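By convention here, the first residue in the shown sequence is residue 1. Just so it is clear, the model here is predicted, and its values are computed rather than measured.
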Amino acid sequence: MRNAHCPICGQSSTTVLQLRFGAKMQLPTDVEVRHCAHDNFLFVTGGRQSDYDAYYAAVANDTVHQEVAVGAVRSPISILQKDHLVAALDGEPAPRSVLDFGCGEASLLVELATHFPSSRFVGFDPGPAASKGSRKAAALGLDNLSIAGLEASARGAPYDLVIASHVIEHVIDFDMLTLLHDLVTEDGLLYVEVPNPLKYAAYERREFLYYFDRLHVNHFTPQALARLLGRYGFGAVKHFEYAFPYRDDGQFPALGMLFRKGLSGDDLVSPSLLDEAQGYIRQEKARAKTVAGLLETFEGILVWGAGDNFRRSVENGGPLANCRNMVVLDRRPGEVTVGDVRRPTVDPRTGVQSCDWPVVATVSEARSEISRQLAEIDPARRLIFI
């Protein structure tokens with residue numbers, strides 16, 4: 001289980017933020033976001049890799065592509081990802097074999113297999129989303145793309161290029177990078193893409209403190225990522241920043257880094273992530289104060305959703321931290337604790353029909369569906385998303 005020592009260098013770290021969440025399988029409920037000054041790196045404490053493995057094996061954690069694509073086979077996010085990755089590969093021989101480790105629905109592989117029709121592409125993902133990747137490839141007639149299990153993917157090694165796109169930020173145990181090293185050809189390439197924490201404040205989300213949770217357990221600067229991959233035999237070749245369309249109609253900040261196996265890379269220096277994180281937290285608290293001021297004008301509120309975003313919103317000066325009268329709507333019967341008060345959850349239809357307060361939705365996904373359901377119950381009811 002992770003402790004207060006940096007998982008990259010093992011040195012001591014300082015607490016930046018404390019978060020509490022409800023029960024979700026075996027994931028930790030109390031975590032700290034901590035900062036390692038030596039590596040310019042933020043990480044989340046608590047949690048075991050085996051528990052996270054079980055979670056990702058059971059959950060399709062690739063809903064953003066679906067929501068942005070609006071039902072289309074090809075994802076606008078992955079088209080943009082492909083364009084940036086192909087530009088980063090400029091000057092390199094076209095990769096003859098490519099493995100996407102943690103491919104999700106294989107949205108990026110679909111774009112790459114289309115762009116490089118003479119190359120071989122393999123996707124692996126431990127979760128249920130991978131089966132959709134096979135159907136996408138078949139629907140598009142991409143006979144150079146296949147989805148395989150871990151053992152079959154390893155048998156296809158070595159690969160000229162291995163991709164880990166939005167994977168490593170979820171990993172507790174970095175020893176998986178030893179496997180990635182073994183899967184790459186000598187002098188081959190590893191492409192890593194992660195959220196860009198140096199830009200969190202510039203890309204505000206609707207949800208309070210959205211970028212800090214118990215699933216994104218690593219927040220990498222280029223400096224931190226280069227130091228981590230250097231320990232596993234990879235040297236940084238180049239890196240770039242960009243933003244892709246997100247489900248809230250905004251943009252999401254991403255960092256892409258290309259590494260070469262066996263290269264001894266220079267030590268990178270990035271802006272202070274601690275300063276950026278503290279600035280983001282201050283910005284979020286100021287924004288939450290404005291939202292709380294709006295909510296205080298009502299006698300009370302009905303809060304739709306008791307998940308992780310709800311938990312963040314009632315802690316750390318969030319918009320619901322000082323709410324006087326609150327009824328929590330959730331289809332899952334249970335109770336939530338807000339401060340020292342335990343509140344039972346109420347079925348949304350029952351709650352809306354029994355109380356005329358406005359509805360405040362704290363759910364990140366399927367917001368249009370929440371709007372539709374509320375309109376069926378009470379078309380005139382005010383709905384506020386936070």
Side-chain angles (χ1 to χ4, degrees), residues 6 13-21 31-45 64 68 77 80-81 84 165-166 168-170 192-226 239-257 268-295 308-321 362-365 367 384-386:
C6 174
S13 62
T14 56
T15 300
V16 176
L17 190 66
Q18 293 179 313
L19 298 169
R20 292 189 295 179
F21 299 103
V31 303
E32 289 185 335
V33 180
R34 300 185 68 91
H35 177 254
C36 170
H38 180 264
D39 291 320
N40 200 13
F41 173 56
L42 285 179
F43 63 96
V44 171
T45 61
V64 174
V68 173
I77 298 174
L80 193 58
Q81 283 181 303
H84 283 280
S165 176
H166 294 273
I168 298 181
E169 67 266 31
H170 300 282
V192 176
E193 186 173 312
V194 293
N196 184 0
L198 293 171
K199 299 295 184 181
Y200 287 168
Y203 293 89
E204 186 179 278
R205 307 261 72 85
R206 289 193 185 110
E207 301 88 345
F208 178 64
L209 291 175
Y210 176 83
Y211 292 110
F212 293 130
D213 59 21
R214 56 181 162 179
L215 297 182
H216 292 81
V217 297
N218 305 302
H219 301 266
F220 293 104
T221 58
Q223 177 181 340
L225 202 52
H239 67 275
F240 58 88
E241 300 175 357
Y242 79 106
F244 56 75
Y246 209 53
R247 59 185 166 216
D248 57 10
D249 297 324
Q251 299 282 307
F252 190 98
L255 166 67
M257 292 193 71
L268 301 179
V269 177
S270 301
S272 170
L273 183 52
L274 179 60
D275 290 347
E276 295 294 333
Q278 290 175 333
Y280 168 66
I281 293 169
R282 287 193 299 270
Q283 176 178 298
E284 285 293 279
K285 289 184 176 181
R287 187 170 66 90
K289 188 174 181 180
T290 300
V291 175
L294 168 64
L295 300 182
D308 288 1
N309 287 327
F310 169 79
R311 301 283 178 167
R312 278 193 298 257
S313 294
V314 298
E315 300 274 350
N316 293 301
L320 302 180
T362 64
V363 182
S364 292
E365 301 176 10
R367 292 190 168 207
I384 303 168
F385 287 105
I386 63 170

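To the nearest 0.5 Å, atom NZ of residue Lys285 and atom OH of residue Tyr280 are 12.0 Å apart. Taking OG1 of Thr45 as the start and CZ of Arg214 as the end, the distance is 13.0 Å to the nearest 0.5 Å. Note that NE2 of His35 is 14.0 Å distant from CG of Leu17, once rounded to the nearest 0.5 Å. In this structure, CD on Glu193 lies 8.5 Å from NE2 on His84, to the nearest 0.5 angstrom. Atom-to-atom distance recorded for Leu295:CG and Ile384:CD1 is 5.5 Å, nearest 0.5 angstrom. Here the CD atom belonging to Glu276 is positioned 10.0 Å from the CG atom belonging to Leu274, to the nearest 0.5 angstrom.
Closest heavy-atom contact between Asn196 and Leu255: CB-N, 3.9 Å. Tyr210 and Ser364 make their closest contact through CE1-OG, 3.9 Å (heavy atoms, listed as atom of the first residue, atom of the second, distance). The two residues Leu80 and Phe244 come nearest to each other via the heavy atoms CD2-CA, 3.8 Å. In plain terms, the two heavy atoms of Lys199 and Pro253 that are nearest each other are CB-CB, 3.6 Å. Nearest heavy atoms, Asp39 versus Cys36: N-SG, 3.4 Å. The two atoms that bring Ala243 and Gln251 nearest to each other are O-OE1, 3.4 Å, heavy atoms only.
Although no hydrogens or angles enter the test, the distance criterion places a donor-acceptor pair under 3.5 Å between the side chain of Asn40 and the main chain of Pro271. Glu169 contributes no side-chain N or O that, together with a main-chain N or O of Val194, makes up a donor-acceptor pair within less than 3.5 Å.
Shown are His38, Arg34, Glu32; of these, the side-chain hydrogen bond (donor to acceptor under 3.5 Å, both in side chains) with Ser13 is made only by Arg34.
Side-chain contact between Phe212 and Leu42 is present, with heavy atoms from C-beta onward closer than 4.5 Å. Residues Asn218 and Phe41 form a side-chain contact, since some pair of their non-hydrogen atoms from C-beta on lies under 4.5 Å apart. In this structure the side chain of Glu315 never reaches within 4.5 angstrom of the side chain of Leu209, judged on heavy atoms. Looking at Met257 and Pro222, their side chains come closer than 4.5 Å, going by heavy atoms from C-beta outward. Under the 4.5 Å side-chain criterion, counting only non-hydrogen atoms from C-beta, Leu215 is in contact with His170. A heavy-atom distance below 4.5 Å is found between the side chains of Leu19 and Asn316. Between Glu204 and Glu284 the shortest side-chain heavy-atom distance falls below 4.5 Å. Side-chain contact between Phe252 and Arg205 is present, with heavy atoms from C-beta onward closer than 4.5 Å.
Two rings, from Tyr200 and His219, have their centers less than 6.0 Å apart. Ring pair Tyr203/Tyr246: centre-to-centre distance not below 6.0 Å.
Counted within 6.0 Å of CZ on Arg20, heavy atoms from surrounding residues, nucleotides or ligands total 12 or fewer; the atom is thus considered open.
The residues Arg247 and Glu207 are annotated as not salt-bridged, no charged nitrogen and carboxylate oxygen being separated by less than 4.0 angstrom.
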Going through the checks in order, is the side chain to side chain contact (heavy atoms under 4.5 Å, CB included) test met by Leu268 and His239?
-> CA-CA 11 Å; Leu268 301 179; His239 67 275; 4.1 Å; yes
